[in-house]
Amino acid sequence: MSATTATNQRRVLLANPRGYCAGVDRAVITVEKALEQYGAPIYVRKQIVHNTHVVRTLEEKGVVFVEETEEVPEGAIVVFSAHGVSPAVHEQAGQRQLKTIDATCPLVTKVHKEAQRFSKEDRDIVLIGHIGHEEVEGTSGQAPEHVQIVESPEEVDKVQVRNPDNVSWLSQTTLSVDETNQTVDALRERFPNLIDPPSDDICYATSNRQDSVKAMAPECELVIVVGSDNSSNSVRLVEVALEAGADASYLIDNATFMDESWLEGVTTVGVTSGASVPEILVRELLDKLSGFGYGSVTPVTTAEENLTFSLPKELRRDLRAEQAEAQR
């Protein structure tokens, strides 16, 4: 601990950036605008983003979340989540004559295009990511005959390729930066001519949130991450906090899950939130911590974010048509 924590004054270090990234913001606004434009119900395949509060709030407004496309009534409107889907899902939607709105994060779409390009070049593709995660399913579905998934450096030895000199790699956008680099190093040791993607696949928001936690964790006995347990980037923040020096770190969906016993002997609490977490949940946690004497809040800023993405083209088209009709 630093000298600044030697005093007994309780305080909170608040990570910045935290919370909503541009892709999540776009996806949530897409569903809200679709409700306004078309009326309820609006169907969403999978969770629009991995956050329990967001999903429940949208359900209350008339959104119906489904696991698979065949659960959507024929001819209805379905939104594809920020995590992306495979071409097979688009094909299924077309067969059911569904009106689709694709809210896939543009940074995930970038990885899809890389998979398509590597496939056209007939390369074997190693996709670093978590098996079963929606984003990994969507990316691997771009070129299923070329993609194999590895979750850690330990799995690299199991990779089977046709030509060791014609191997490329991609990654899920929400992984631990450090762990992904370790996996890439292991791949490169086995395949010296490993081909990189044109730019980093791990998104700016994931990297920024991890960097902010790394900056504050050495000062903290405790780091609390607000986020749902199915949120990959939120889970990674807990791991990053512990690796960076925090004595303890916990992931909670909201302030009601905070355990008072965690605060025993703690002077400095670090607070952050995953990229799919609305700021209101962080504010509720800060209010609760204030009630336990942690009223001093100091931001720890490591980057400024101002990126925004336009709404999906299908929704923009209908919104423009409505505006034009209203002006007649």
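Atoms considered below: every heavy atom in the structure, side chains included; atoms not considered: hydrogens, waters and symmetry mates.
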Test item: side-chain donor near acceptor, [X] and [Y], under 3.5 Å:
| X | Y | value |
| --- | --- | --- |
| S168 | R123 | no |
| N233 | Q210 | no |
| E137 | S86 | no |
| S310 | R316 | yes |
| D178 | S176 | no |
| E74 | Q97 | no |

Are the side chains of [X] and [Y] in touch, meaning some heavy atoms are under 4.5 Å apart?
| X | Y | answer |
| --- | --- | --- |
| D201 | Q172 | no |
| F118 | D124 | no |
| R209 | K214 | no |
| P73 | L98 | no |
| T267 | E221 | yes |
| V28 | Y20 | yes |
| Q47 | E67 | no |

Parallel, tilted or perpendicular: ring planes of W262 versus Y250, cut at 30 and 60 degrees: parallel
Salt-bridge test for [X] and [Y]: reply yes if a basic N is under 4.0 Å from a carboxylate O, no otherwise.
| X | Y | value |
| --- | --- | --- |
| R117 | E121 | yes |
| D318 | K33 | no |
| R18 | E305 | no |
| D157 | R190 | no |
| E71 | R96 | no |

Would you say the side-chain atoms of [X] pair up with the backbone N or O of [Y], donor to acceptor, closer than 3.5 Å?
| X | Y | answer |
| --- | --- | --- |
| E151 | I128 | no |
| T174 | S231 | no |
| K99 | A76 | no |
| T183 | E179 | yes |
| S212 | N208 | no |
| R10 | F292 | yes |
| R11 | S296 | no |
| E135 | T173 | yes |
| Q92 | E70 | no |

[X] with [Y], same ILVMFWY side-chain cluster at under 4.5 Å:
| X | Y | answer |
| --- | --- | --- |
| L13 | V282 | no |
| V226 | L14 | yes |
| V177 | V150 | yes |
| L289 | L222 | yes |
| V271 | M258 | yes |

Counting only heavy atoms not in [X] (residues, nucleotides, ligands), do more than 12 fall under 6.0 Å from its [atom1]?
| X | atom1 | result |
| --- | --- | --- |
| E189 | CD | no |
| E260 | CD | no |
| K110 | NZ | yes |
| E264 | CD | no |
| I280 | CD1 | no |

For residues [X] and [Y], report the shortest heavy-atom separation together with the two atoms involved.
| X | Y | value |
| --- | --- | --- |
| S276 | V49 | CB-CB, 3.9 Å |
| V277 | G227 | CG2-CA, 3.7 Å |
| P312 | T30 | CD-OG1, 3.1 Å |
| H130 | S232 | CD2-OG, 3.8 Å |
| T180 | I202 | OG1-CD1, 3.4 Å |
| V64 | P41 | CG2-CB, 4.0 Å |

Verdict with supporting geometry, D102 and K313, salt bridge (charged side-chain N to carboxylate O under 4.0 Å, His left out): CA-CA 8 Å; D102 191 352; K313 61 181 183 299; over 6 Å; no
Once rounded to the nearest 0.5 Å, what's the spacing between atom [atom1] of [X] and atom [atom2] of [Y]?
| X | Y | atom1 | atom2 | answer |
| --- | --- | --- | --- | --- |
| I224 | L251 | CD1 | CG | 10.5 Å |
| T139 | H83 | OG1 | NE2 | 11.0 Å |
| R26 | L311 | CZ | CG | 7.0 Å |
| K61 | E32 | NZ | CD | 4.5 Å |
| T298 | N16 | OG1 | CG | 12.5 Å |
| L285 | N254 | CG | CG | 9.5 Å |

Between [options], which is the residue that forms a side chain to side chain contact (heavy atoms under 4.5 Å, CB included) with [X]?
| X | options | value |
| --- | --- | --- |
| V126 | L170, V167, V184 | V167 |
| F65 | E59, K46, R45 | E59 |
| L281 | T52, I252, N51, D253 | N51 |

Evaluation steps, salt bridge (charged side-chain N to carboxylate O under 4.0 Å, His left out), between R317 and E314: CA-CA 5 Å; R317 181 188 61 231; E314 310 95 333; over 6 Å; no
Residues that D200 engages under salt bridge (charged side-chain N to carboxylate O under 4.0 Å, His left out), provided they are two or more places apart: none
